[in-house]
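In each ligand, atom 1 is the first atom listed, and ligand 1 is the first ligand listed.
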Amino acid sequence: MKRLIYADNAATTKLDIDVFEAMKPYMLESYGNASQPYSFSAITKKALKESREVIAECIGANPEEIYFTSGGTESDNWALKGFVLSNVKRSHIITSEIEHHAILNSCIMIEKLGHEVSYLPVAKDGTVSPESLRDKLIDDAALVSIMLANNEIGTIMPIRQLSDESHAKGALFHTDAVQALGHIKVDVGGLGIDMLSASAHKFNGPKGIGFLYLKKGINISSYSDGGSQELGLRAGTENIAAIVGMAVALRKNCRDIKTNTEKLLALETVLLSGLNGLDFKRNGAYNHIPGNISLSFKDADGEMLLHRLDLKGICISTGAACDSIDTQVSHVLKAIRLDEKYINGTIRISLGRDNTEQDMHEIAKAIYQILK
Ligand code: PLP
């Protein structure tokens with residue numbers, strides 16, 4: 001059988017074995033509904049409480065500021081729509097042109113409801129400049145939503161400056177931290193974040209679970225109405241096993257950020273030096289998510305590259321993996337004004353902590369063989 005080289009970690013990551021082991025008892029043995037008063041459910045209630053504490057600690061928040069959701073998409077939708085629904089009067093939202101579609105499509109819906117949304121352009125490396133935000137922040141802006149790191153090109157945004165600009169004009173600051181959490185240090189207080197979206201499957205946790213950090217004192221409308229779970233803001237029986245898994249995964253990844261970063265940056269160097277001689281540009285900023293490598297090969301076809309690499313057992317993506325059904329040129333690559341000759345030849349290789357130097361040599365060799 002062909003050896004699989006998985007290099008699409010920005011799309012999703014492998015479940016950590018410790019995470020799986022931690023989840024198992026809550027699926028097979030301690031399956032009680034955490035809302036029930038009997039002692040069997042005390043175990044799940046305790047797990048819920050402890051997981052919330054662990055997650056809060058990882059991002060410098062208080063446990064009661066963590067609301068469990070089904071993932072990044074739900075957290076993004078909830079942050080924006082929940083804000084608009086609870087602030088009928090003042091709802092001018094400012095976001096960027098390179099957000100994930102969970103934000104952009106939520107904004108389209110918000111515009112349909114009659115609210116104003118402004119989309120900030122980005123620099124060629126994908127950063128949103130605090131100055132461009134300042135220019136747009138007129139007195140009616142109520143919420144700014146800028147991602148912490150971009151999923152297609154890995155660029156990390158100057159979040160502290162962006163949140164400072166927002167607060168100076170009385171606007172709240174939300175960030176989609178789905179690609180960042182577990183990969184770089186995130187401290188909500190230090191970064192001035194009011195709301196933050198996260199998703200466990202991007203940091204070796206299970207799929208279908210995430211959270212929204214909602215700073216104490218901020219009111220947004222409930223995401224779902226029903227029972228009193230998640231302080232009545234997100235009704236529905238909690239997925240305890242997934243929540244426990246997310247907490248274990250986040251704690252482990254946060255603990256290992258330094259080691260993982262060093263390893264991934266070293267692997268990036270090996271991969272890139274293996275591509276010497278090919279005509280390509282690397283997209284994104286110097287300050288990027290470790291292992292997120294967006295490459296644009298001149299006059300090449302990224303789609304073809306993906307499929308030819310697949311035949312060799314290598315998984316990469318062309319642009320936004322969540323959008324691979326939509327094969328149009330990515331909105332991110334358009335926004336960074338990538339040269340026409342390179343734009344179609346773009347692939348994203350996103351490395352994870354399980355990748356090896358050998359993987360890098362094989363990926364580089366395969367790309368070389370296909371393009372030469
Ligand atoms: N936001 C960003 C930046 C993402 O990269 C993704 C997924 O790729 C999402 C949101 C959606 O997250 P989820 O898959 O958990 O719904």
**Prompt:** Does Asp76 approach ligand 1 within less than 4.0 angstrom via side chain, backbone, both or neither, non-hydrogen atoms only?
**Reply:**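 For Asp76, the contact with ligand 1 is made by the side chain alone.
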**Request:** May I ask you to decide if Asn150's main-chain N or O and Thr155's side chain share a donor-acceptor pair within less than 3.5 Å?
**Result:**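 No, because the side chain of Thr155 does not come within donor-acceptor range (under 3.5 Å) of the backbone of Asn150.
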**Request:** Going by heavy-atom distance to atom 11 (C) of ligand 1, choose the closest among Leu148, Asn151, Thr73.
**Result:**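 Nearest heavy atom to atom 11 (C) of ligand 1 lies in Thr73.
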**Asked** Should one rank Glu74, His101, Lys202 by closest heavy-atom distance to atom 7 (C) of ligand 1, which comes out on top?
**Response**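 Nearest option to atom 7 (C) of ligand 1, by heavy atoms: Lys202.
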**Item:** Salt bridge Asp18-Arg251, side-chain N to carboxylate O under 4.0 Å
**Value:**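 Between Arg251 and Asp18 there is no salt bridge, as every charged N stays at least 4.0 Å from the carboxylate O atoms.
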**Message:** Tell me whether Lys252 at atom NZ has more than 12 heavy atoms from other residues, nucleotides or ligands lying less than 6.0 Å away.
**Reply:**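 Correct, the count exceeds 12.
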**Message:** Are there over 12 heavy-atom neighbours, none belonging to Met109, within less than 6.0 Å of that residue's CE?
**Reply:**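 Count not over threshold, so no.
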**Request:** Check whether the side chains of Thr259 and Glu262 place a donor and an acceptor atom closer than 3.5 Å, and report yes or no.
**Result:** no
**Asked** Cut-off 3.5 Å, side chains only: do Asn77 and Ser106 have a donor facing an acceptor?
**Response**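 Asn77 vs Ser106: donor-acceptor pair found between side chains.
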Atoms of ligand 1 less than 4.0 Å from [X] heavy atoms?
X: Ser199; value: 13 (P), 15 (O)
X: Met147; value: 3 (C)
X: Gly71; value: 15 (O)

**Request:** Please confirm whether Ala11 comes within less than 3.5 Å of ligand 1 when only nitrogen or oxygen atoms on both sides are compared.
**Result:**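 Checking ligand 1 against Ala11, no N or O pair falls under 3.5 Å apart.
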